[in-house]
Amino acid sequence: MGKKMSEYTQGDPASAADSLDRLVGIVEQQSRILEAQARNIALLQSQSWEQARMLEVLGRIELRDLLIEVRRVIQNRQLSMMDTMDQLVAGKSIARWGDGEIKLMVQPEFDLMYQKSNTSLAADLRRMLAGYDMTADRLLLALPTVFTTRLWMGIWSENWHVLGPILEVSTASWGNTHISRPPFFQRHGTDAVAAWRRVWEGKRICVVAGRGSRFELLPELFDNVAGVIRVDSEPSDAYVTLPDLKRRLHDVDDVDLFLLALGPSGTVMAGHLASEAGGARQAIDIGHLASSYLNVFKGGKVPEQLPQKR
C-alpha cells in the first residue's frame with residue numbers, strides 16, 4: 001500500500017502504447033458490434049412493418065364483404081367532420097359512439113378502464129340508435145369513420161353481427177365521431193379550431209366531467225364563451241349515478257350549452273338533455289377535445305396515453 005502516483009504513470013512507454021492500442025481495438029470492435037446490432041434492429045423493424053401491412057391487406061381481403069356492408073350502412077349516410085360541426089353551430093346536440101361505446105353495447109363482459117359493463121347502459125345505447133329517426137331533428141348520433149386498420153377490422157368483425165341490424169333500423173344521417181379526436185385537427189388544422197369556437201361563441205356553458213378529470217378549458221378553444229360553470233360527476237362508473245346527475249342538471253339554468261366529458265355516460269346524457277324529458281337543451285358529448293387539440297398543436301400525448309385523472 002502507499003505507492004506513489006508516479007509509480008503508476010511512469011513506466012515502459014512501449015508497454016503503455018500497447019495497452020492503448022488494445023483499448024482502442026476493443027472500442028472499435030464494440031462500435032462495429034453496436035452498428036451491426038443497429039442494422040439488424042432496423043431490418044427487423046422494417047420486416048415487422050411490412051408484415052403488419054401485409055396482415056392489414058389480407059384482413060381487408062378476408063373481410064371485404066363485411067367492409068362493403070359497414071360502408072353501406074355507415075359511410076354512405078355519414079356527414080363529413082365539417083358538416084357535422086355545421087349541425088352543432090346550428091343548435092343540434094350530439095352523442096358520439098367510439099370503439100368503447102360499441103363494445104359496451106354489444107359485448108356483455110366488456111369493461112372500459114373507467115366504466116364497467118352494465119346491461120342498462122348497453123340497453124340505453126341501443127335504444128338511442130334504434131330510435132334515431134324520432135330524435136334526429138334535435139340530436140345527431142355520431143359514428144366512427146370506417147377505418148380499415150387492424151384494430152378497427154377487429155372491432156367490425158367482432159361486433160357487426162349485432163351492431164349492423166341496430167344501425168339499419170334508422171335512415172337519418174350519422175354525424176362523425178372524430179370531430180373531438182386528433183384526426184379532425186390533423187385534417188383541418190386551425191379551421192377545426194375555428195369551427196369549435198363558433199359552437200359556443202358568446203354562450204354560457206356548463207361543463208360536466210368526472211371529478212379530477214383531465215378536461216381543460218383551453219383559452220385557444222374557449223376564451224370566447226360568455227361564462228362557465230362546472231358540474232362534477234364520478235370519475236369512474238359514472239353511469240350508476242346518472243339518475244342523480246340528471247336531477248342536478250335539471251336545476252341548472254341560465255346556460256345555453258352543456259359540454260359532456262363522461263365517456264359512454266356522456267353519450268347517454270347528451271341524449272337525455274336533448275330530449276323533452278331533459279328540457280330539450282343543447283348538449284355536446286365532447287369527449288377528449290382538449291387533449292386532442294394539445295396532441296396535434298402542442299405535441300402532447302394522444303388521449304389514451306394520458307392518465308385518467310389529474
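Worth knowing before you read on, the calculation uses all heavy atoms, side chains too, and leaves out hydrogens, waters and symmetry mates.
The cluster map of Ile, Leu, Val, Met, Phe, Trp and Tyr, joined by side-chain heavy atoms under 4.5 Å apart, puts Val240 and Leu262 in different clusters. A single hydrophobic cluster is not seen to contain both Trp152 and Ile68; linkage of ILVMFWY side chains at heavy-atom distances under 4.5 Å, directly or through other members, places them apart. Neither Val169 nor Ile102 shares a network with the other; the hydrophobic side chains, linked directly or stepwise wherever heavy atoms of I, L, V, M, F, W or Y lie under 4.5 Å apart, form separate groups for each. Clustering ILVMFWY residues whenever any of their side-chain heavy atoms sit less than 4.5 angstrom apart, transitively, puts Val146 in the very cluster that holds Met82. By the criterion of side-chain heavy atoms lying less than 4.5 angstrom apart, applied directly or through intervening Ile, Leu, Val, Met, Phe, Trp or Tyr residues, Met134 is not grouped with Leu125; the two fall into different hydrophobic clusters.
Listed by chain and number, the residues in a side-chain contact (heavy atoms from CB on, under 4.5 Å) with Val162 are Val106, Arg126, Ile166 (sequence neighbours excluded). Remark: Glu69 engages Arg72, Val73, Trp160, Glu168 in a side-chain contact (heavy atoms from CB on, under 4.5 Å) (not counting sequence neighbours). Taking the salt bridge (charged side-chain N to carboxylate O under 4.0 Å, His left out) definition, one finds that Asp111 meets it with nothing, sequence neighbours left out. Residues passing the ring pair (Phe, Tyr, Trp, His ring centres under 6.0 Å) test with His188, sequence neighbours excluded: Phe184.
Within the 4.5 Å cutoff, side-chain heavy atoms of Leu242 are placed close to those of Val268. For the pair Lys298/Glu220, a side-chain contact is recorded, criterion being any heavy-atom separation below 4.5 Å from C-beta on. Using a 4.5 Å cut-off on side-chain heavy atoms (C-beta onward), Val228 and Phe222 make no contact. Here the side chains of Pro303 and Pro182 are in contact, with some heavy-atom distance below 4.5 Å. At a threshold of 4.5 Å between non-hydrogen side-chain atoms, the residues Ile205 and Leu217 count as touching. Side-chain contact check for Phe258 versus Cys206: some heavy-atom pair is nearer than 4.5 Å.
Between Leu249 and Arg281, the shortest heavy-atom contact is O-NH2, 3.0 Å. The two residues Phe297 and Phe185 make their nearest non-hydrogen contact at CE1-CD2, 3.6 Å. Contact detail for Gly271 and Leu139: the closest heavy-atom pair is CA-CD2, 3.8 Å. Across all non-hydrogen atoms, the minimal contact from Ser157 to Leu66 is CA-CD2, 3.6 Å. Contact between Met128 and Leu141 at its shortest, heavy atoms only, is O-CD1, 3.3 Å. Between Pro264 and Leu104, the closest heavy-atom pair is CG-CD1, 3.4 Å.
For the residue pair Ser80 / Asn176, no side-chain donor-acceptor distance below 3.5 Å is found, with atom types taken as modelled.
Note on Asp244 versus Arg248: salt bridge recorded, some NZ/NE/NH1/NH2 to OD/OE distance being below 4.0 Å.
With rounding to the nearest 0.5 angstrom, the CG atom of Leu259 is 9.0 Å from the CD atom of Gln282. A distance of 7.0 Å separates NZ in Lys92 from CG in Asp137, rounded to the nearest 0.5 Å. Atoms CG and OG, on Asn76 and Ser173 in that order, are 11.0 Å from each other to the nearest 0.5 Å. In this structure, the separation between CG on Leu140 and OG on Ser93 is 9.5 Å, given to the nearest 0.5 Å. From Thr177, atom OG1 reaches atom CD1 of Ile94 across 7.0 Å, with rounding to the nearest 0.5 Å. Atoms CD and CH2, from Glu201 and Trp196 in turn, are 15.0 Å apart once rounded to the nearest 0.5 Å.
A donor-acceptor contact shorter than 3.5 Å links the side chain of Glu101 to the backbone of Gly98. Of the possible donor and acceptor atoms, none in the side chain of Ser236 sits under 3.5 Å from a partner among the backbone N and O of Tyr114. In this structure, the side chain of Lys116 does not engage the main chain of Leu112 through any donor-acceptor pair within 3.5 Å. Remark: the backbone N or O of Leu143 is paired with a side-chain donor or acceptor of Gln78 at under 3.5 angstrom. Counting only distance, with no hydrogens or angles, the side chain of Asp133 and the backbone of Ser170 share no donor-acceptor pair below 3.5 Å. In this structure, the side chain of Ser275 engages the main chain of Gly278 through a donor-acceptor pair within 3.5 Å.
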Identify all side-chain donor-acceptor contacts of residues 283-293 below 3.5 Å with residues at least two apart in sequence or on another chain.
unit_1: Asp285; atom_1: OD2; unit_2: Arg96; atom_2: N; d: 2.9
unit_1: Asp285; atom_1: OD2; unit_2: Thr267; atom_2: OG1; d: 3.0
unit_1: Ser292; atom_1: OG; unit_2: Ser180; atom_2: O; d: 3.0
unit_1: Ser292; atom_1: OG; unit_2: His288; atom_2: O; d: 2.9

task: Could you give me the CA-CA distance, side-chain angles and deciding distance for Gln107 and Asn159, then say whether side-chain hydrogen bond (donor to acceptor under 3.5 Å, both in side chains) is met?
output: CA-CA 8 Å; Gln107 302 177 20; Asn159 302 289; 2.8 Å; yes
message: Working note: Met269 + Val208, criterion side chain to side chain contact (heavy atoms under 4.5 Å, CB included); need CA distance, chi angles, decisive distance, verdict.
response: CA-CA 10 Å; Met269 183 57 78; Val208 186; 5.9 Å; no
message: Go through it in stages, so that I can follow the logic: the residues are Val231 and Val207, the test is side chain to side chain contact (heavy atoms under 4.5 Å, CB included), and I'd like the CA-CA distance, side-chain angles, deciding distance and then a yes or no.
response: CA-CA 6 Å; Val231 175; Val207 176; over 6 Å; no
message: Run Lys301 and Leu294 through side chain to side chain contact (heavy atoms under 4.5 Å, CB included) and show every step you take.
response: CA-CA 8 Å; Lys301 293 181 179 180; Leu294 292 173; over 6 Å; no
- request: Walk me through it: do His178 and Arg187 pass the test side chain to side chain contact (heavy atoms under 4.5 Å, CB included)?
  value: CA-CA 11 Å; His178 301 289; Arg187 179 171 297 182; over 6 Å; no
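Residue pairs meeting the salt bridge (Lys or Arg N to Asp or Glu O under 4.0 Å) criterion with at least one member in residues 223-237, sequence neighbours excluded, are Arg197-Asp223, Arg211-Glu234, Arg230-Asp232.
Ring pair Trp174/Tyr132: centre-to-centre distance below 6.0 Å.
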